[in-house]
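Before any comments, here is the structure.
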2 protein chains.
Amino acid sequence: MAYADQYIEKLRKSGLRPTKQRIKICEVLFDAEKTFHFTIKELVKIIENQANIKVSLATVYNTVHAFIKKGYLKEIPLNASQSYYDTNVSHHHHFFDVEENRLIDIHQDDVDEVNIKRTIPGKKIRSVEVIAKIVSDNQSQK
Amino acid sequence: MAYADQYIEKLRKSGLRPTKQRIKICEVLFDAEKTFHFTIKELVKIIENQANIKVSLATVYNTVHAFIKKGYLKEIPLNASQSYYDTNVSHHHHFFDVEENRLIDIHQDDVDEVNIKRTIPGKKIRSVEVIAKIVSDNQSQK
DNA sequence: ATAATACATTATATTTATTCTAAACTGTTG
DNA sequence: CAACAGTTTAGAATAAATATAATGTATTAT
């Protein structure tokens with residue numbers, strides 16, 4: 001893997017030693033052709049399918065959270081029963097299809113810059129996220 | 001209570017019979033001077049403090065969810081360990097102070113209209129929510 | 001009014017995501 | 001190669017949300 005060094009660096013910067021399990025997690029997350037959304041459980045399954053390495057839930061949780069802290073992953077602000085994460089850390093937003101439980105990226109260019117005029121003393125904005133909930137467009141909507 | 005009829009109507013429209021417990025829930029939610037944010041547990045505590053009626057968690061969950069379906073309450077899209085709800089159902093957004101776990105309303109006028117240019121075939125937008133995460137504004141931020 | 005029915009309430013059990021724990025393991029350093 | 005610091009893991013603990021089933025209450029028709 002030509003990417004291994006890159007992953008080792010990402011791990012080191014996140015304060016984690018590069019172990020077999022963690023490098024496998026990196027491969028799945030950052031080696032993909034496209035960015036994608038995932039839950040922790042889904043990520044564990046992908047790793048199982050794609051490699052012979054078994055990785056425990058706890059390791060995946062720890063690694064994912066370390067990467068979020070560093071900005072290598074993003075958490076998507078949804079009130080779902082489980083947390084959704086995104087390998088696309090660029091500035092963008094989401095549709096959430098509430099009927100199909102499906103997330104769809106909205107490219108930054110498709111949303112006008114969200115400009116918040118109000119400030120809170122002593123605080124600064126870390127992130128601004130837009131979630132647009134969508135539903136079927138039948139006339140008979142309730 | 002002059003409001004009782006109003007609450008009975010809200011309940012009926014939500015498909016719920018007006019019972020003692022549910023009317024108490026209405027009083028706490030809709031009788032307040034200001035709109036407010038709450039979790040289910042907090043709501044149960046407020047009811048306990050403010051009345052002699054004891055209301056079970058299940059009843060509160062059911063009633064709150066029926067009201068959300070009808071649009072009398074809103075769920076705030078946050079990945080917190082528990083769900084936050086809002087009695088302010090007008091169009092507005094939120095700051096979420098990640099360090100203090102505190103929600104602050106952003107009035108509609110303080111955010112430019114969020115205009116999403118992209119559409120999904122067969123789907124329509126039900127709601128658009130902006131969450132701005134805020135943190136302390138020390139120079140020494142990490 | 002009252003009886004019969006349908007719906008509510010409750011305490012408790014269940015489910016499930018997430019976090020914690022402690023024991024076994026790995027890899028690095030002296 | 002011994003000692004140490006950090007890892008991994010299975011399983012336990014935690015806690016929110018939902019389901020259950022017995023008891024209670026509102027509604028309806030009589």
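Naming: A, B, ... by sequence-line order, numbering from 1 per chain.
- Ring planes of B:His92 and B:His94: perpendicular class, angle over 60° (limits at 30 and 60°).
- Using a 4.0 Å cut-off between charged nitrogen and carboxylate oxygen, B:Glu27 and B:Lys24 count as a salt-bridge pair.
- Among the atoms of the strands shown, only primed sugar atoms or phosphate atoms (P, OP1, OP2) are found under 4.0 Å from some heavy atom of B:Ser83.
- Classified by interplanar angle (parallel below 30°, tilted 30° to 60°, perpendicular above 60°), the ring pair A:Phe67/A:Tyr72 is perpendicular.
- Grouping the Ile, Leu, Val, Met, Phe, Trp and Tyr side chains by contacts below 4.5 angstrom, directly or via other members, places A:Phe95 apart from A:Tyr85.
- Placement of B:Val128 and B:Phe96 in two distinct hydrophobic clusters is found when ILVMFWY residues are connected by side-chain heavy-atom separations under 4.5 Å, directly or transitively.
- Within a heavy-atom distance below 4.0 Å of DNA chain C, the residues of residues 59-66 of chain A found are A:Tyr61, A:His65.
- For the helix from C:dA1-D:dT30 to C:dG30-D:dC1, the angle separating the two terminal helix axes comes to 20°, with each axis derived from five pairs and the value rounded to 10°.
- Residue B:Arg12 contributes atom CZ, which lies 14 Å from atom P of C:dC7 at whole-angstrom precision.
- Under the 4.5 Å side-chain heavy-atom criterion for ILVMFWY residues, no single connected hydrophobic cluster contains both B:Ile131 and A:Ile134.
- Summarising the geometry, the separation between CD1 on B:Ile47 and C1' on C:dT9 is reported as 13 Å, rounded to the nearest angstrom.
- For the contact set between residues 13-21 of chain A and DNA chain D, defined by any heavy atom under 4.0 Å, the members are A:Leu16, A:Arg17, A:Thr19, A:Gln21.
- With rounding to whole Å, A:Asn101 atom CG is found 12 Å from C:dA17 atom P.
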Please tabulate, for side-chain N and O atoms in residues 107-114 of chain B, each donor-acceptor pair with protein atoms closer than 3.5 Å (sequence neighbours left out).
from	atom 1	to	atom 2	distance (Å)
B:His107	ND1	B:Asp109	N	3.0
B:Gln108	NE2	B:His91	ND1	3.4
B:Asp112	OD1	A:Lys117	NZ	2.9

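- The OH atom of A:Tyr7 lies 10.0 Å from the CD1 atom of A:Ile23; values are rounded to the nearest 0.5 Å.
- The footprint of chain A on DNA chain D, defined by a heavy-atom cutoff below 4.0 Å, extends from D:dG6 to D:dA10.
- Regarding B:Leu57, its CG atom lies at a distance of 13 Å from the P atom of C:dT12, rounded to whole Å.
- Every residue meeting the salt bridge (Lys or Arg N to Asp or Glu O under 4.0 Å) condition with A:Lys123, not counting sequence neighbours, appears here in chain and number order: B:Asp97, B:Glu99, B:Glu100.
- For A:Val44 against A:Leu57, the heavy-atom pair with the smallest separation is CG2-CD2, 3.9 Å.
- In this entry the distance linking CG of A:Asn79 with C1' of C:dA17 reads 15 Å, nearest Å.
- Nucleotide C:dA17 holds its C1' atom 14 Å from the CD atom of B:Gln82, rounded to whole Å.
- Two residues are said to be in side-chain contact when any heavy atoms from C-beta on lie closer than 4.5 Å; A:Arg118 and B:Ile104 meet this criterion.
- Looking only at distances, a side-chain donor or acceptor of B:Arg22 sits under 3.5 Å from a matching main-chain atom of B:Arg17.
- In terms of heavy-atom proximity, B:Ile125 sits nearest to A:Ala132 at CG2-CB, 4.4 Å.
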